[in-house]
Number of protein chains: 2
Amino acid sequence: MARFTQTSNCVDCNCKSSVFKKLSIPELELMNQNRFEVSFKAGEIMFKQGTPSPHFLCITRGMAKIYIEGLGKNLILGLIKPVEYIFGPGIYVDNRHHYSASAVEDSTACMVDVETYKQLVRKNPDFAEEFIRRFSQQAIINFDQFISLTQKQMHGRIADALIYLSEKVYCCNPFELTISRQDLADLSGMSKESAIRILKEFKEEGILTSEGNFIHVLNRGQLQHISETG
Amino acid sequence: MARFTQTSNCVDCNCKSSVFKKLSIPELELMNQNRFEVSFKAGEIMFKQGTPSPHFLCITRGMAKIYIEGLGKNLILGLIKPVEYIFGPGIYVDNRHHYSASAVEDSTACMVDVETYKQLVRKNPDFAEEFIRRFSQQAIINFDQFISLTQKQMHGRIADALIYLSEKVYCCNPFELTISRQDLADLSGMSKESAIRILKEFKEEGILTSEGNFIHVLNRGQLQHISETG
DNA sequence: AATCGTTGTTGACAAATGTCATTTATCTTT
DNA sequence: AAAGATAAATGACATTTGTCAACAACGATT
C-alpha cells in the first residue's frame, strides 16, 4: 500500500508549476502546512470516482492516469506527470471525485487540503484567475478530445493518442510507452484489439516502428494528416 | 439580421439566475452599463467558433444551441434557455470562442462585456466562487455526455438525449421538439437517419408516442433502463 | 392550385468496429 | 530452467452504424 513520506516543500513545486507562482511566501507556507506526501506503486489507485475529495493531488514523481469509469469500460481523460495537479470539478460542487486516478508508474504525490486551497482562491485574485485559466485550458483540451472520440474513426483517434503521448506526455521520440495497450485503447475509446491492429497497420505503412513498448514515430506529417481527416 | 433593443435591466436577471445573486447593487449597475441586448431569428448564429469573444452571452428569451464544429459534423453540447448564460472557456485563455452558438428559436440575448465580468470575478470572491461552481457543474455534465457518447450504443444515446430534452430543456412531458432531427442526431453523435430510426423503434415498442414534433414519453423507466444498459 | 425547397422517412447496402477464441510473447516466481 | 500468470497479437465472425438513393411530407412562395 501507499507509504507516507515528508520530504519536499511547496516551494519546490513553486519553482516548477505556474499555478503556485501566484502565491506569496506566507500563502505557500499555509499550503505547505496542510499537505502530506504519499507514494504509490504502479497500478495503485490514488482516488476513486464517487468517493469524497477532501484533498486534491499534485504529482511529484512518476505518472498517473485519470479516467472516468463508465459502463464496464474506462475512458482515460489524460496522463498526469510532475508537476501537475489533479483537481476534479467536484471540489466546488458535491465534494466527490468525478473520475478516478491511478498510478501508471511508481509515483509520489502531494495531497493538499481542498479547504485551504479554496480559501486561497478567495483571498488571492491572481491565484483564482490562474486556477480558472487552468480549468479553462482543461475544458478546451476536453473539447478536442470530444471531437476526436465522437467524430473520428479509429485511425484518427489512434493518431491523436500517439501525438498526445509523444508530444505532451513523454515529450520525446522515440518514446517508451509506459501504459498498456488497454490504456491506449481506453484513451482512444475503442477495444484493445482494435488499438493493437491499428498500431500494426501504422507500422506496416512505415508511419512508425515499434519494438516492444518503444515506439518511434517516423512520419509525423502522415500522422497529423490521419488525425485531421478522421 | 440581429436587431438591437434595450429593454430589461440586469436586476431582472438577478431575480432569475443564481449567478448574479452574488453581486451587489453597484456591481449589478456596473454590469448593466456594459451590456446590450440583441435579438436573433431562429437559425441565426450568435457567435462563431474561432472568433474573438469580447462578450459573453445571456439568453433572455427563446433558445440557443451551443455546438462544436468538428469534421463536417457538429456536436451539440447543450441547449440554453432563459436565464442561462453562455461563457466559453476561451475567455480566460485565448479570447476565442471554442464552440459556436445559434438560435434554435427566435431569441433575445444580453451581450455582456467580458472584461467587466472578469473584473467582478477578481473583486468579489462570492461571485468568483459561484462562477467556478457553475463552470464545474458544466464540466461534470460534460463528463456524463462523454460517457454517453463514447461508451453507449445508439439506443442508449437517444434515450439520454430524450431524458435531457424532456427533463432539462423543455421541462414537460409531452413536449414539443423545437430542434430538428439533425440537431437530435448532433446531440447524440450519430447520423440523422439513425436517430430517426431509433425514434421509430421506441415508438413501436410503446416507449413514446410522437405526432410531428410532439413527443410524449410513456415509459420513463424503460428509457432510463436503456440509458443505463447502453 | 402549382412549384420549389427543405426536412423527415425508409430501405438496401457497405464499412467500421466489437467480441470471442486462440495463440504467442513477456515477465515473475519458483 | 520450468511453470505460471499476465499482456499482446491474431483471425474469424457478428453486430453496429453510416452512406447513398429514393421517396414522402410539409411549408413557403408564386
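Letters go in sequence order (proteins before strands), and every chain restarts at 1. Since this is a predicted model, take the numbers as computed values, not measurements.
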Name all residues meeting the side-chain contact (heavy atoms from CB on, under 4.5 Å) criterion together with [X]; count only those two or more places apart in sequence or in a different chain, and write none if there are none.
X	answer
I141(A)	Q138(A)
N219(B)	Q222(B)
D94(B)	R96(B), H98(B)

Rounded off to whole Å, could you give me the [atom1]-to-[atom2] distance for the [X] and [N] pair?
X	N	atom1	atom2	result
E211(B)	dA25(D)	CD	P	15 Å
N213(A)	dA8(D)	CG	C1'	10 Å
I196(A)	dA7(D)	CD1	C1'	8 Å

#### Entry: H55(A): ring pair (Phe, Tyr, Trp, His ring centres under 6.0 Å) partners, not counting sequence neighbours
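With sequence neighbours excluded, H55(A) shows a ring pair (Phe, Tyr, Trp, His ring centres under 6.0 Å) to F36(A), given in chain and number order.
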Pair up each side-chain donor or acceptor in residues 189-202 of chain A with any protein partner under 3.5 Å, not counting sequence neighbours, and list the distances.
| unit_1 | atom_1 | unit_2 | atom_2 | d |
| --- | --- | --- | --- | --- |
| S191(A) | OG | S194(A) | N | 3.3 |
| S191(A) | OG | S194(A) | OG | 3.1 |

When you measure from the side chain of [X] to the backbone N and O of [Y], does any donor-acceptor pair fall under 3.5 Å?
X	Y	value
T60(A)	T108(A)	yes
S136(A)	I132(A)	yes
S148(B)	R157(B)	no
K65(B)	V104(B)	no

## Note on the structure
Expected list for residues 173-183 of chain A near DNA chain D, using heavy atoms below 4.0 Å, is S180(A), R181(A)
### Query
Strictly under 6.0 Å, is that where the ring centroids of Y99(A) and Y67(A) end up?
no
Are side-chain heavy atoms of [X] and [Y] found at a separation under 4.5 Å?
X	Y	value
Y170(B)	T178(B)	yes
I207(B)	I226(B)	yes
C110(A)	E37(A)	yes

### Query
End-to-end bend of the helix from dA1(C)-dT30(D) to dT30(C)-dA1(D) (five-pair axes, 10° rounding)?
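Nearest ten degrees gives 30° for this helix.
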Check nucleotides 26-28 of chain D against the protein and report each pair of N or O atoms closer than 3.5 Å, with its distance, or say if there are none.
none

### Query
Taking protein heavy atoms under 4.0 Å as touching, what does nucleotides 17-23 of chain D look like 5' to 3' if B marks base contact, S marks sugar-phosphate-only contact and - marks none?
SSBB---
### Query
K200(A) side chain N/O closer than 4.0 Å to the phosphate oxygens (OP1, OP2) of dT10(D)?
yes
### Query
Using a heavy-atom cut-off of 4.0 Å to chain B, what are the terminal contacting nucleotides of DNA chain C, in 5' to 3' order?
dG8(C) to dA12(C)
### Message
Going by salt bridge (Lys or Arg N to Asp or Glu O under 4.0 Å), name the pairs with one or both residues in residues 138-152 of chain A, residues two or more places apart or in two chains.
### Response
K152(A)-D160(A)
Identify all side-chain donor-acceptor contacts of residues 74-92 of chain B below 3.5 Å with residues at least two apart in sequence or on another chain.
| unit_1 | atom_1 | unit_2 | atom_2 | d |
| --- | --- | --- | --- | --- |
| K81(B) | NZ | K168(B) | O | 3.3 |
| K81(B) | NZ | V169(B) | O | 3.1 |
| Y85(B) | OH | Y117(B) | OH | 3.0 |

